[in-house]
Amino acid sequence: MTGSIGVAVIGAGAIGRTHIDTLARMEGQYLATIIDPAPPGAALARSLGVPCLPDVATLIDAGIADAAIVATPNETHLPISEALLQAGIPVLLEKPVAESLASALRLIEIAEEGGRPLLVGHHRRHNPIIRKAHEAIRAGRIGNLVMATVTCSLAKPPSYFEAAWRRTPGAGGPLLINLVHEIDLLRHFFGEVATVQAIASNGRRGFAVEDTAAVALTFANGGLATLCISDAATGPWAWDLTAGENPVRFPAHPVTAHHYAGSRAGLSLPDLTLWEPEGEPDWTRRLQPTILEVEAADPYEEQLRHFGNLIREGGTPLVSARDATANLIVLDAIRAAAESGCAVAVDLSPLDLKD
Ligand SMILES: NC(=O)c1ccc[n+]([C@@H]2O[C@H](COP(=O)([O-])OP(=O)(O)OC[C@H]3O[C@@H](n4cnc5c(N)ncnc54)[C@H](O)[C@@H]3O)[C@@H](O)[C@H]2O)c1
C-alpha cells in the first residue's frame, strides 16, 4: 500500500497508551481510531480528536483502519485478532500471543493461511541492544554460551492489580505477563529450551496467581539458565528498570539485569559490557570490560517500523505467532514444573503438527 497507514489501537490501557504515544512520533503511520469499551478510552480518543468505537465488528464495518494493534487482555487476543485478520487487517498483537496453547495454535493457523501479517509484540527483539547482543553471541565473541542468570524484580503498586485479569489464573501473574519476555530473549540467544524446573509462590500477595518464581532451564545446545522473578520484590535488577525502553513509565537504573557467561567471555545487559580475558580464560586473572557500541533507538518505534514494512512490502515477521507460541509452551512447562515440583521436558511437537 502507499500513503500513510491508519492504525486502530484496540485496548487503550497501559501498553495501548504506549503504542498511541509511539504512533504520534511515527512517520508514515497515524492513529486512526481507538477501540475500547471503557470510559477512559473514549475520553482519550476525544482528547486526541479520533473516533472511539465500541468493538472490532464496528471497526471492520467502518473501514477506517489499514492495520490494528491489539493491546487487550490475553484471553481476548484470539477472537479479536481472528476477526481482524479475516477482514484482511494486519495485526500487531501484544504478547503473550494468547492465554492458552489451543488459542495460540488456532492463531498460527489463521496467520499462516490468511496472508495478512501478524506480528507478536515481543518488542525487546527490536531493541538495538538486543540486536547487538545477538550479533555478538552469534559471532562467537563469548564462545559457547554456557549459562545465564536473569533477574526481574518488579514491585508493582496495589493499583496495578485493580484490573481483575492481572490476578486471574490463565491471564495474569508475572510468569505470563513479564517472564514471557525473558523466555523469548533466552530462546533468541540460546535456541530452544529442553527442560524446566521451577518453584512459584503467591505468599507475598495471596492472589490466586503467583507473585514470585525461581526457574531453571536447560537448552538443547547444552546451556543452562536461571531466572528469578517477582512482582512483589523491590530492586532495580530487571530489564524494564534498567534498559530505559519506556522512560515515561519506568525510570532506568544504572545496573545490569542479564548476565551471559560463555566459554570465552561474559556479556552483561543492558549495559552491553563484554568481559574478556587477556589470553586463555583463567579465573585468577582480571577480565577486561569493553562496552559494545550501539546506536540507541526506541524499540516500540522500531517495532512499528517493522510492522509498517511488513504491510507495505511483505516479508516475515521478526516474531511470528509460531515463534511466540514456543514461548507459551515453555511457560506452560514452567507452570507444570512449579505445580508438580518435578523437571518437565518442553514438548514443541504441537508446533510440528501445524507445519
Ligand atoms: N509489550 C509489553 O511490554 C507489554 C506491557 C504491558 C502489557 N502487555 C500486554 O498487553 C495486553 C494489555 O495489557 P495492559 O497492561 O495494557 O492491560 P490494561 O488492563 O491496562 O488495558 C487493557 C485495555 O483493554 C480494554 N479492553 C478490554 N477488553 C476489550 C475489548 N474486547 N475490546 C477493546 N478493548 C478492550 C480495557 O478496557 C483496557 O483499557 C496484555 O496482553 C499484556 O500482556 C505488553
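Note that ligands are numbered from 1 as they come in the structure, with each ligand's atoms numbered from 1 the same way.
The backbone of Ala71, and not its side chain, has at least one atom closer than 4.0 Å to an atom of ligand 1 (non-hydrogen atoms only; backbone = N, CA, C, O). Contacts between Lys95 and ligand 1 below 4.0 angstrom, taking non-hydrogen atoms only, involve backbone and side chain alike. In Tyr160, neither the side chain nor the backbone holds a heavy atom less than 4.0 Å from any atom of ligand 1. Counting heavy atoms closer than 4.0 Å to ligand 1, residue Ala12 contributes backbone atoms (N, CA, C, O) but none from C-beta onward.
The protein atom (non-hydrogen) at minimum distance from atom 15 (O) of ligand 1 is Arg166 NH2, 2.6 Å. Shortest contact from atom 21 (O) of ligand 1 to any protein heavy atom: Gly13 CA, 3.2 Å. Nearest protein heavy-atom neighbour of atom 25 (C) of ligand 1: Asp36 OD2, 3.3 Å. With respect to atom 11 (C) of ligand 1, the closest heavy atom belonging to the protein is Thr72 O, 3.3 Å. Considering only non-hydrogen protein atoms, atom 13 (O) of ligand 1 sits nearest to Trp165 CZ2, 3.6 Å. Closest to atom 31 (N) of ligand 1 among all protein heavy atoms lies Ile80 CD1, 3.8 Å. Nearest non-hydrogen protein atom to atom 44 (C) of ligand 1 is Glu94 OE1, 3.0 Å. In this structure, atom 5 (C) of ligand 1 lies nearest to the protein heavy atom Ile15 CD1, 3.6 Å.
Taking 4.0 Å as the cut-off, Trp239 does not count as a neighbour of ligand 1 on heavy-atom distance. Residue His122 places every heavy atom at 4.0 Å or more from ligand 1. Residue contact annotation: His77 has a non-hydrogen atom under 4.0 Å from ligand 1. Note on ligand 1: Ile10 sits in its first shell, one or more heavy atoms being nearer than 4.0 Å.
Side chains of Ser349 and Asp352: a donor-acceptor N/O pair is absent below 3.5 angstrom, by distance only. Side-chain polar atoms of Thr212 and Ser201 form no donor-acceptor pair below 3.5 angstrom.
For the pair Phe189 and Ala133, the tightest heavy-atom approach, listed with the atom from each and the gap, is CZ-CB, 3.8 Å.
Interface atoms of ligand 1 facing Asn74, defined by a heavy-atom separation under 4.0 Å, are 40 (C), 41 (O), 42 (C), 43 (O). Each of the following atoms of ligand 1 lies closer than 4.0 Å to a heavy atom of Ile35: 33 (C), 34 (N). Near Gly121, meaning under 4.0 Å from one of its heavy atoms, ligand 1 places the atoms 1 (N). For ligand 1, the atoms lying closer than 4.0 Å to a non-hydrogen atom of His123 are 1 (N), 2 (C), 3 (O). With ligand atoms numbered from 1 in the order given, ligand 1 contributes 3 (O) to contacts under 4.0 Å with heavy atoms of Tyr300. Here is the list of ligand 1 atoms found below 4.0 Å of a heavy atom in Ala38: 37 (O). Residue Pro96 has at least one heavy-atom neighbour below 4.0 Å for each of these atoms of ligand 1: 43 (O). Those atoms of ligand 1 with a heavy atom of Gly11 less than 4.0 angstrom away are 23 (C), 24 (O), 25 (C), 34 (N).
Taken from OG1 in Thr218 to CD in Gln197, the straight-line distance is 8.5 Å, to the nearest 0.5 Å.
Applying the salt bridge (charged side-chain N to carboxylate O under 4.0 Å, His left out) test to every pair with at least one member in residues 186-208, sequence neighbours left out, gives these pairs: Arg187-Glu192, Arg187-Asp323, Arg205-Asp231.
The aromatic rings of His122 and His181 stand perpendicular to each other, their planes meeting at an angle above 60°, with 30° marking the opposite boundary. Ring geometry for His258 versus Trp239: interplanar angle of 30 to 60°, hence tilted. A tilted orientation is assigned to the rings of His126 and His306, their planes being inclined by 30° to 60°.
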inquiry  = Between Glu302 and Arg131, does the side chain to side chain contact (heavy atoms under 4.5 Å, CB included) criterion hold? Intermediate values first, please.
reply    = CA-CA 12 Å; Glu302 292 292 292; Arg131 285 192 204 134; 3.0 Å; yes
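Distance alone, capped at 3.5 Å, places no donor-acceptor pair between the Arg125 side chain and the Leu185 backbone. Listed for the Ser263 side chain is a donor-acceptor partner under 3.5 Å among the backbone atoms of Asn144. Using modelled atom types, no side-chain atom of Asn127 and backbone atom of Pro299 make a donor-acceptor pair closer than 3.5 Å. The backbone N or O of Leu241 lies less than 3.5 Å from a partner atom in the side chain of His253, making a donor-acceptor pair. Proximity of a side-chain donor or acceptor of Arg116 to a complementary backbone N or O of Leu85 within less than 3.5 Å is not detected. Counting only distance, with no hydrogens or angles, the side chain of Ser81 and the backbone of Leu78 share no donor-acceptor pair below 3.5 Å.
Taking any N or O of Thr76, backbone or side chain, none lies under 3.5 Å from an N or O belonging to ligand 1. Between Ala14 and ligand 1, an N or O atom pair is found at a separation short of 3.5 Å.
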